[in-house]
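What follows is a single structure, written as structure tokens, with notes after it.
Here is how names work: the chains are called A, B, and so on, in the same order as the sequence lines, proteins then strands, and each is numbered from 1.
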Amino acid sequence: MAKKFEHILDECLDRMAGGEAIEKCLADHPEHAAELRPLLESAAMVREKSASLEPRPEFRSQAKQRLLAQVRAGAEAQPERKRFAIFEWHYRWAVAVAAVLLVLLIGGSTTVVASTNAMPDDFLYPVKIRVEKVRLAFAGSDTAKAKLQADFAERRAEELAKMAEKGKWGKVEQAAERLANHLEKISNIAARKRLTGKISQEDVARLTDTLAAYAAEHPMIFKRALEKMPPENKAIIVRLLERSQARLVEAVQDLNIAARLKANGLQSVEGLIRIMRGDKWLVGRDVVRIDENTIIEGTPLLGRFALVWVTKESDGSLLAQRIVLNVQ
Amino acid sequence: MQDEKNLIERAQKRDPEAFAQIYEAYFDRIYRYVAIRVGTQTEAEDLTQQVFLNALESIPSYRWKGAPFAAWLFRIAHNQVIDHYRRFSRVQMTALEMPVATHDPDPVDMIEQEMDIERIRGAIGALTDLQQEVISLRFVGELSTAETAKIMGKNEGAVKALQHSALGALKRALSGGRDNGKEV
């Protein structure tokens with residue numbers, strides 16, 4: 001049976017990836033050569049040109065050092081687990097279950113209370129982190145999770161400052177990394193809220209107050225903490241803290257947008273612009289209508305990512321009020 | 001394959017040497033895959049770094065069942081790019097800055113390279129989501145059809161068919177055709 005064209009195309013692409021010239025595969029499939037050639041040339045062009053997208057050597061090296069530092073820090077943080085190597089899976093569950101029990105049944109136990117104040121260089125610190133994860137798992141709503149993440153970010157900031165006082169720079173970096181992750185999670189939750197508008201005004205106020213207080217207080221703490229830091233560690237921490245700060249700003253912006261969406265009864269849709277026909281666009285999976293009042297930020301083109309705030313008309317159609325385009 | 005399995009098992013036990021090898025094997029490909037999908041060097045660097053940190057966090061849960069590790073790692077990269085799009089849909093990016101390889105000091109060559117990359121990025125951006133994904137994974141990430149199929153949750157036949165339509169649409173987009181082969 002004759003081979004399907006897409007199989008021949010795939011075979012030629014694999015041969016090209018292995019270093020073979022286009023001509024050789026075309027010669028093997030002369031009946032398809034005319035159709036194959038432009039497709040193979042397009043693939044070759046993408047391969048060749050994208051290969052020039054090389055990471056900066058200094059970034060490559062810094063990222064590697066940072067990753068390996070994380071690996072080592074993680075390995076050092078769990079020496080007691082080695083005894084349980086065979087039962088690693090059971091061990092994790094045992095710790096998780098123990099933490100759940102501690103939190104839910106004997107929340108005021110000495111271990112939990114003591115671990116709450118544990119610093120990254122303390123024996124009980126892994127318990128503290130585990131308890132936090134359990135609390136997050138039981139937090140329920142996204143808003144409750146965001147609030148907890150903000151509380152934990154606050155703790156990481158304190159830990160960062162303490163570890164900097166002690167000159168434990170590896171632990172400072174770990175705290176900065178965790179801090180960035182907490183704020184990243186808040187930012188992701190806020191981004192979802194921005195799209196759906198499903199958040200109460202009270203929750204927005206509460207969260208933005210927490211984040212604003214955090215933003216007002218912590219730059220000074222970090223500045224002091226970093227003063228004594230050796231330059232080789234400093235660049236990484238500064239980058240992490242900048243990332244944290246950016247996420248924080250985004251989260252506050254998103255929460256405010258979410259509140260406005262809610263107040264104005266708007267919904268949002270997002271996705272790549274797939275079709276633009278007259279006053280109707282297909283964005284992601286939704287058709288939205290544009291009228292003379294639609295505010296368009298950026299240049300709309302097929303294939304661009306668009307966030308569209310819409311109102312639902314009486315006939316069920318979506319009328320775009322504002323479109324924000326990711327200009328690429 | 002056995003070597004990779006061994007490497008991953010060592011990485012799951014937090015062996016720095018194993019991680020270093022994984023990093024060396026995949027870093028450039030992940031960077032390129034991310035960089036072709038986002039607009040700036042800073043974003044590409046942040047996202048690539050985050051992919052490896054996420055991989056470090058998740059690797060204990062990776063189970064070797066014959067599924068390629070590359071597929072697992074690129075899946076993380078894919079999710080990272082999607083999150084990025086969600087987050088950055090709010091931002092007006094006014095200028096592109098994506099320096100390409102810096103080993104060539106000739107500014108004219110560098111500008112030409114940047115223009116080529118922009119042309120390719122624009123052409124890929126004109127494809128459907130699935131077409132973009134298959135092109136990025138196969139020709140930028142340099143993954144096999146089988147690996148691409150795993151990441152996209154499709155069978156190999158479907159990926160080959162999608163690859164065919166994607167290359168057709170890409171060819172039209174690169175040649176400036178208005179028919180960009182949208183398949184909605």
Identify which part of Phe52(B) has an atom lying under 4.5 Å from any heavy atom of chain A, answering side chain, backbone, both or neither. both
Check whether Glu177(A) gets within reach of chain B through its side chain, its backbone, both or neither, counting any heavy atom under 4.5 Å. side chain
Check this for me: does any side-chain nitrogen of one of Lys64(A) and Glu24(B) sit under 4.0 Å from a carboxylate oxygen of the other? yes
Which atom of Ser50(A) lies closest to which atom of Ile36(B), heavy atoms considered: CB-CD1, 4.3 Å
To the nearest 0.5 Å, tell me how far Tyr31(B) OH sits from Arg56(A) CZ. 7.5 Å
At their closest point, which heavy atom of Asn181(A) faces which heavy atom of Glu57(B), and how far apart are they? ND2-OE1, 4.5 Å
Under 4.5 Å to a heavy atom of chain A? For Leu53(B) that would be both
Leu53(A) CG to Tyr33(B) OH distance, which is reported to the nearest 0.5 Å: 14.0 Å
With a 4.5 Å limit on heavy-atom distance, are the side chains of Asp28(B) and Glu54(A) in contact? no
Can you tell me how far the CG atom of Leu13(A) sits from the CG atom of Leu167(B), to the nearest 0.5 Å? 6.0 Å
Who are the salt bridge (Lys or Arg N to Asp or Glu O under 4.0 Å) partners of Glu41(A), not counting sequence neighbours? Arg37(A)
To the nearest 0.5 Å, how far apart are NE2 in His164(B) and CD in Glu6(A)? 7.0 Å
So which of Ala44(A), Ala17(A), Ala63(A) has the largest heavy-atom pair count under 4.5 angstrom toward chain B? Ala63(A)
For Gln163(B) and Leu39(A): C-alpha separation, side-chain torsions, deciding distance, then whether side-chain contact (heavy atoms from CB on, under 4.5 Å) applies. CA-CA 10 Å; Gln163(B) 173 177 260; Leu39(A) 302 182; over 6 Å; no
So, the part of Leu68(A) with a heavy atom under 4.5 Å from chain B: the answer is side chain
Taking 4.0 angstrom as the limit, do Glu142(B) and Arg47(A) come out as a salt bridge? no
Pairing residues for Phe19(B) by the ring pair (Phe, Tyr, Trp, His ring centres under 6.0 Å) criterion, not counting sequence neighbours: none
Can you tell me how far CD1 of Ile120(B) sits from OG of Ser52(A), rounded to the nearest 0.5 angstrom? 8.0 Å
Do Leu272(A) and Gln132(B) have side chains that get closer than 4.5 Å, going by heavy atoms? yes
Does any heavy atom of chain B fall under 4.5 Å from the side chain of Met16(A), the backbone, both, or neither of them? neither
Heavy-atom closest pair (Arg32(B) atom, Ala51(A) atom, distance to 0.1 Å) is CD-CA, 3.6 Å
Turns out that what part of Arg138(B) lies under 4.5 Å from chain A's heavy atoms comes down to both
By a 4.5 Å heavy-atom criterion (distance strictly below it), what part of Asp46(B) contacts chain A: side chain, backbone, both, or neither? both
Return the minimal non-hydrogen interatomic distance between Phe59(A) and Glu45(B), and the atom names on each side. CZ-O, 3.3 Å
Side chain from CB out, backbone as N, CA, C, O: work out which of these in Arg60(A) comes under 4.5 Å of a heavy atom of chain B, or both, or neither. both
